[in-house]
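Since the structure comes first, as structure tokens, the remarks are kept for the end.
Since the model is a prediction, treat every value here as computed from it, not as a measurement.
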Amino acid sequence: MQRINKNVVLAILTAASSLFLLFQLYYFKYYIAGKNGPGLSNLKGILSLQETMQWRAVKKFTSLVNSYKVPVFVVDSVLLKIIAKDLERLKSTPYVLSECRYFCEHRDVTTFGLQDSLWESKENFLRAAERMGFQWQKYDGRDPRIEGIEDLSGTKIPLHYIFKMAAHTIHLVLFYERSGNYLWHGPLRLRQKMDKKFVPFRKLQFGRYAGAYNRPELILVTADQFKIWIPKDPSLFLQEIPHSKFLECRYKEARAFFQLYPDDYSVEAIEFRMQAKRLLHLAVVTLKSLGINFWLSSGTCLGWYRQCNIIPYSKDVDLGIFAHDYTPDIVPAFEKAGLHLKHKFGKVEDSLELSFIEENHVKLDIFFFYEEEKYMWNGGTQAKSGKKFKV
């Protein structure tokens, strides 16, 4: 058998590579740039084929949501970090044609959010997406608030939609309004017969767990020639992401508890719960203004865990704070918010406890927790006897 000359093989491979490169350049110039209009060709820099397809997918999606007046907003943390740096320029400069700064940098997934109640004509929207060339999948789940209600516990709600065009994925996270003016989204769970290779699920930013966010105020900006809604304060939204994991209370177990021990619906109980929730909201706002993290403690935590509510006979609200987060500004901040310091027990370095009281005589107890190598503890003092406890 005649031996093949290595130089001939190398020359053939080089020629084939050159032809493929020329084809890519031709495809970009005459098909992609032409099909997407002059906008893409005006953007500075040479985009790879992958980046071009990504830009095209996002352009088609934003065009679709604008056509159907679906108010999606950017929740993509990578995008929001870049947008936050340029926020003032984006608000003051409506159109920037000189560069593709936000949607052309290569990424596999672009993430948007949408409040489900604002999505009208959902079926028409999805059919239009298919006509545009998108493949899509819906991921639903149960609303945890109706868990244990016999007639409703099997009801499912849509939680996530994923749209795919070529190699780019657009993840649409559905948010649901909860009482307390915050937005909740559910986890993304793949069912047994679902295509687990539809998109790179591990690269999705949302869906590993349920999350909750303060309702963001939105503004409309133009970035890379796309009109998009973004949180008015992207930095604030980004700060919420690492702490957004939402732990639902145990509704099913709470209903079982109330079957054994009926809830108190007296006027006094209802009034106390309203006052306690107002006090808790005030504490949230005050501690947030000081940059102090806290958690539900003692009886307030027990009420949430056992019966998904405040215990009506507890007569106070209990919070926990790490001792290393203590600042002398805490007392003045709560007094400015309208509370009166009733007790101060212990010292900053040992068993500190602050008790405030509001106009309706509902008490707020703040316990400070101390970290040791293998455990943490907090101290308590009996108001009448002065006896100290260490828990």
Side-chain angles (χ1 to χ4, degrees), residues 145 178-182 212 214-215 246-251 253-254 257-258 261-323 325-348 351-369 377-391:
R145 294 172 297 179
R178 293 279 188 98
S179 60
N181 199 35
Y182 71 93
N214 291 317
R215 182 195 300 277
F246 188 78
L247 189 61
E248 201 79 49
C249 84
R250 310 182 313 153
Y251 291 104
E253 288 78 2
F257 175 82
F258 286 129
Y261 308 98
D263 201 3
D264 185 353
Y265 291 107
S266 66
V267 174
E268 293 79 7
I270 294 171
E271 185 64 28
F272 168 73
R273 279 175 167 160
M274 289 176 58
Q275 293 167 356
K277 288 177 181 178
R278 281 197 294 265
L279 180 58
L280 184 57
H281 177 71
L282 185 146
V284 170
V285 173
T286 305
L287 292 171
K288 187 177 179 180
S289 71
L290 296 172
I292 297 175
N293 292 322
F294 69 95
W295 58 89
L296 302 181
S297 183
S298 306
T300 305
C301 184
L302 174 62
W304 169 83
Y305 181 78
R306 188 179 65 187
Q307 55 210 72
C308 293
N309 210 332
I310 290 173
I311 299 173
Y313 52 83
S314 60
K315 304 308 178 188
D316 60 11
V317 173
D318 303 310
L319 299 180
I321 295 175
F322 281 120
D325 287 331
Y326 172 80
T327 167
D329 296 332
I330 291 177
V331 174
F334 275 103
E335 289 179 334
K336 185 178 179 181
L339 301 187
H340 170 68
L341 180 65
K342 185 177 182 180
H343 296 298
K344 181 179 180 181
F345 298 119
K347 300 178 181 179
V348 175
S351 305
L352 183 63
E353 178 188 343
L354 300 176
S355 288
F356 298 90
I357 195 160
E358 48 94 77
E359 59 183 0
N360 294 307
H361 305 290
V362 180
K363 190 157 62 80
L364 170 67
D365 289 330
I366 300 179
F367 300 98
F368 289 82
F369 285 71
W377 61 275
N378 75 286
T381 305
Q382 223 173 38
K384 292 182 180 180
S385 66
K387 188 176 181 180
K388 290 183 67 175
F389 299 90
K390 185 175 182 180
V391 184

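- Around atom OH of Tyr265, no more than 12 heavy atoms belonging to other residues, nucleotides or ligands sit under 6.0 Å away.
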For this session: Determine, stepwise, if the pair Asn214 / Lys288 fulfils side chain to side chain contact (heavy atoms under 4.5 Å, CB included).
Result: CA-CA 12 Å; Asn214 291 317; Lys288 187 177 179 180; 3.1 Å; yes
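- Side-chain contact between Leu280 and Leu296: present, with at least one pair of heavy atoms (C-beta onward) separated by less than 4.5 Å.
- For Leu341 against Ser355, the heavy-atom pair with the smallest separation is CD1-O, 3.5 Å.
- Within the model, atoms CD1 of Ile357 and NE2 of His343 stand 8.0 Å from one another, a figure rounded to the nearest 0.5 Å.
- Contact annotation: the side chain of Cys308 never approaches that of Arg145 to less than 4.5 Å [non-hydrogen atoms, C-beta and beyond].
- With rounding to the nearest 0.5 Å, the separation of CG in Asp264 from CD1 in Ile270 is 8.0 Å.
- At least one side-chain heavy atom of Trp377 sits under 4.5 Å from a side-chain heavy atom of Ser351.
- At most 12 non-hydrogen atoms from other residues, nucleotides or ligands lie less than 6.0 angstrom from NZ of Lys344.
- Arg273 approaches Ile310 most closely through the heavy-atom pair NE-O, 2.7 Å.
- With a 4.5 Å cut-off on side-chain heavy atoms, Val317 and Glu358 do not count as touching.
- Contact annotation: the side chain of Leu339 approaches that of Leu282 to within less than 4.5 Å [non-hydrogen atoms, C-beta and beyond].
- Here the shortest heavy-atom pairing between Leu319 and Ala283 reads CD1-CB, 3.8 Å.
- Minimum interatomic distance between Ala337 and Thr286 (heavy atoms only, all atoms of both residues): CB-OG1, 3.9 Å.
- The structure places CG of Leu287 at 6.5 Å from CD1 of Ile330, a figure rounded to the nearest 0.5 Å.
- To the nearest 0.5 Å, atoms NZ (Lys315) and CD (Glu268) are separated by 7.5 Å.
- Within the 4.5 Å cutoff, no side-chain heavy atoms of Asn378 are placed close to those of Glu353.
- Atom CD1 of residue Ile292 and atom OG1 of residue Thr327 lie 6.0 Å apart, to the nearest 0.5 angstrom.
- Not less than 6.0 angstrom separates the ring centroid of Trp295 from the ring centroid of Phe367.
- Listed here is the closest heavy atom pair of Gly320 and Phe369: CA-CE1, 3.7 Å.
- Side chain of Asp263 to main chain of Phe258: no donor-acceptor pair is present (N/O by atom type, distance under 3.5 Å, no hydrogens or angles).
- Heavy atoms only, all atoms of each residue included: Val362 and Ala276 are closest at CG1-CA, 4.5 Å.
- Using a 4.5 Å heavy-atom threshold, the side chains of Leu364 and Phe334 count as touching.
- Taking OG of Ser289 as the start and NZ of Lys336 as the end, the distance is 8.5 Å to the nearest 0.5 Å.
- Between Tyr326 and Phe368, the ring-plane angle classifies as perpendicular under the 30° and 60° cut-offs.
- Among Val331, Asp365, Asp316, the one residue that satisfies the side chain to side chain contact (heavy atoms under 4.5 Å, CB included) test with Phe356 is Val331.
- With a 4.5 Å cut-off on side-chain heavy atoms, Val284 and Phe294 count as touching.
- Note on ring orientation: taking the six-membered ring where Trp is involved, the planes of Phe257 and Tyr261 are tilted (angle from 30° to 60°).
- Within a 6.0 Å sphere centred on OH of Tyr305, heavy atoms belonging to other residues, nucleotides or ligands number 12 at most.
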